[in-house]
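Here the structure is laid out as structure tokens; the discussion comes afterwards.
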Amino acid sequence: MPDQQNAKEVPRRQFVALSGALGAATVLTGAAAAVGGTAAAASSAGPTPDSCPTTPPPGGTGSCPPNSLQGICGRPTDNDPLWHDVQYCTSGIVPPPPQTKPDCLKMTPNYVVLHGKPETTHNYLLLPSCRVTGIECPFLVTSGPPNYWHEAWENARSGGDVPVQYPNIGLGINSQGARRYNQLHIHMAGVRASTQRRLQELESQGRMATSPAQWANPANQAAVTGSAGDRVYRILRLPNLRDNLFSLLYTNVVRPNSLNMADQTMIVVPKMTNAGFAGAFYVLNSDTSIHDGTSTCDYLLVYS
């Protein structure tokens, strides 16, 4: 589902203040403990809308932003189509007309997986089961939230519960200003073979960061061709997705360069060879502060 501009920018100083306060609150309340357990997974084809539950998935609710952040991270009463979809999948609350019931492809205490638009076998969305507007929510950079990026990969990979049926996979999130809907959603889609080749070429040339501390170095910026021509990205290679990518981005790129978290886009491309997954991930970040940068992941992802 390609996104488009629909939201106002959040001042960086507000993000810094709120994330600092939230970090302290997380330590005091123990909110970092994620809820374990998952619901039984649906097949990759997905159930019919009427098969969605009327009660939340077993295991309780996931780790969510505290009430004090509802002004920036969203309120449960917000009128957002994707949030309505989540509420239907987790609580059976029927979306207001004319919105239709979604296909709930997978439901856990922490997230749900839905079809993207257009509906294809390589276009899905992973969304938190609690109210989180998007990348600008300071809760995302703390130890509190589940690892949504890791879960997206575990679902999208070959053998996952909702596999992306495409030779190369991409996971992406748009900036606040480049998205259409205001419930956090990670796109699980395809990427072009040319994107995969370009990233492996850059890796062989040593033109990407190999540790998060190097991510913001201009030497690790490079152009990658997408649907709108060349755009420049900061590129980081990671051996796994165990760390919180939102936190890595904020700590190593956004904060030291006085940027705005709301303006960032991020794309994760698993390294693939003829033998399959090669045990590494390329993490791309960009914003319009970079010459020829971009605030959207849509140029690199293939939805239709």
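Values below: every heavy atom of this structure, side chains too, minus hydrogens, waters and symmetry copies. It should be emphasised that the depicted structure is a prediction, and the values quoted were computed from it without experimental measurement.
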Original post:
How many angstroms lie between OG1 in T273 and CD in Q200, if you round to the nearest 0.5 Å?
Top reply: 7.5 Å

**OP:** Name all residues meeting the ring pair (Phe, Tyr, Trp, His ring centres under 6.0 Å) criterion together with W215; count only those two or more places apart in sequence or in a different chain, and write none if there are none.
**Re:** none

Original post:
With a 3.5 Å cut-off and no angle check, do the side chains of T296 and N174 form a donor-acceptor pair?
Top reply: yes

Subject >> ILVMFWY cluster, V232 and L259 together (side-chain gap under 4.5 Å) >> reply: no

Original post:
With no hydrogens and no angle check, is any side-chain donor or acceptor of Q264 less than 3.5 Å from a backbone partner on V254?
Top reply: no

Subject >> Distance, nearest 0.5 Å, that separates OH of Y233 from CD of Q221 >> reply: 12.5 Å

**OP:** Using a 4.5 Å cut-off on heavy atoms from C-beta on, say whether the side chain of T288 contacts that of D263.
**Re:** no

Subject >> Side chain to side chain, C104 and V112, heavy atoms closer than 4.5 Å >> reply: no

Subject >> Whether T265 side chain and I173 backbone form a donor-acceptor pair below 3.5 Å >> reply: yes

**OP:** Quick one: list whatever passes side-chain hydrogen bond (donor to acceptor under 3.5 Å, both in side chains) with Q183, sequence neighbours left out.
**Re:** R131

Subject >> Heavy-atom pair with the smallest gap, counting every atom of R207 and A222 >> reply: NH2-CB, 4.0 Å

Subject >> H84 side chain vs V94 backbone, donor-acceptor pair below 3.5 Å >> reply: no

**OP:** Treating Ile, Leu, Val, Met, Phe, Trp and Tyr as nodes and any side-chain heavy-atom pair under 4.5 angstrom as an edge, say whether L245 and F277 lie in one connected cluster.
**Re:** yes

Original post:
Has the side chain of N285 got a donor or acceptor atom that lies under 3.5 Å from a matching backbone atom of I267?
Top reply: no

Original post:
Got a donor-acceptor contact below 3.5 angstrom from the S91 side chain to the I93 backbone?
Top reply: no

**OP:** Establish, from distance only, whether the side-chain atoms of D287 and S295 form a donor-acceptor pair under 3.5 Å.
**Re:** no

**OP:** Report the distance from atom NE2 of H185 to atom CH2 of W83, rounding to the nearest 0.5 Å.
**Re:** 15.0 Å

**OP:** Find the distance between CG (N260) and OH (Y250) and round it off to the nearest 0.5 Å.
**Re:** 10.0 Å

Original post:
Side-chain contact, heavy-atom cut-off 4.5 Å: S194 with T225?
Top reply: no

Subject >> Interatomic spacing from NE2 in H187 to CG in D298 - rounded to 0.5 Å >> reply: 5.5 Å

Original post:
Y124 and H115: aromatic ring centres closer than 6.0 Å?
Top reply: yes

Subject >> Pairing of D80 and R75 as salt bridge, 4.0 angstrom limit >> reply: no

Original post:
Do M266 and V283 have side chains that get closer than 4.5 Å, going by heavy atoms?
Top reply: yes

Original post:
Under the 3.5 angstrom rule, does the side chain of R242 hit a backbone N or O of H150 as a donor-acceptor pair?
Top reply: no

Subject >> Closest non-hydrogen atom pair, C130 against Y148 >> reply: SG-OH, 4.5 Å

Original post:
How close do G134 and L140 get, heavy atom to heavy atom, and via which atoms?
Top reply: O-CD1, 3.2 Å

Original post:
Okay, side chain of S63, backbone of P146: is any donor-acceptor separation there less than 3.5 Å?
Top reply: no

Original post:
Under a 4.5 Å cut-off applied to non-hydrogen side-chain atoms, are P145 and P128 in contact?
Top reply: no

**OP:** Answer yes or no: is there a side-chain heavy-atom contact under 4.5 Å between Q196 and K271?
**Re:** yes

Original post:
Does the ring centre of W149 sit less than 6.0 Å away from the ring centre of F281?
Top reply: no

Subject >> Spacing of CG belonging to D103 relative to CG belonging to D85, to within rounding of 0.5 Å >> reply: 10.0 Å

Subject >> Test side-chain hydrogen bond (donor to acceptor under 3.5 Å, both in side chains) applied to T133 - qualifying residues, sequence neighbours left out >> reply: E136

Original post:
Does the side chain of S129 reach to within under 4.5 Å of the side chain of M107, using non-hydrogen atoms?
Top reply: no

Subject >> Main-chain N/O of E119 paired to N123 side chain as donor or acceptor, under 3.5 Å >> reply: no

Original post:
Side-chain contact, heavy-atom cut-off 4.5 Å: L284 with L199?
Top reply: yes

**OP:** Could you tell me whether a side-chain N or O of N244 sits under 3.5 Å from a main-chain N or O of S143, the two making a donor and an acceptor?
**Re:** no

**OP:** Determine yes or no for a side-chain-to-main-chain donor-acceptor pair under 3.5 angstrom, with N220 supplying the side chain and Q214 the backbone.
**Re:** yes

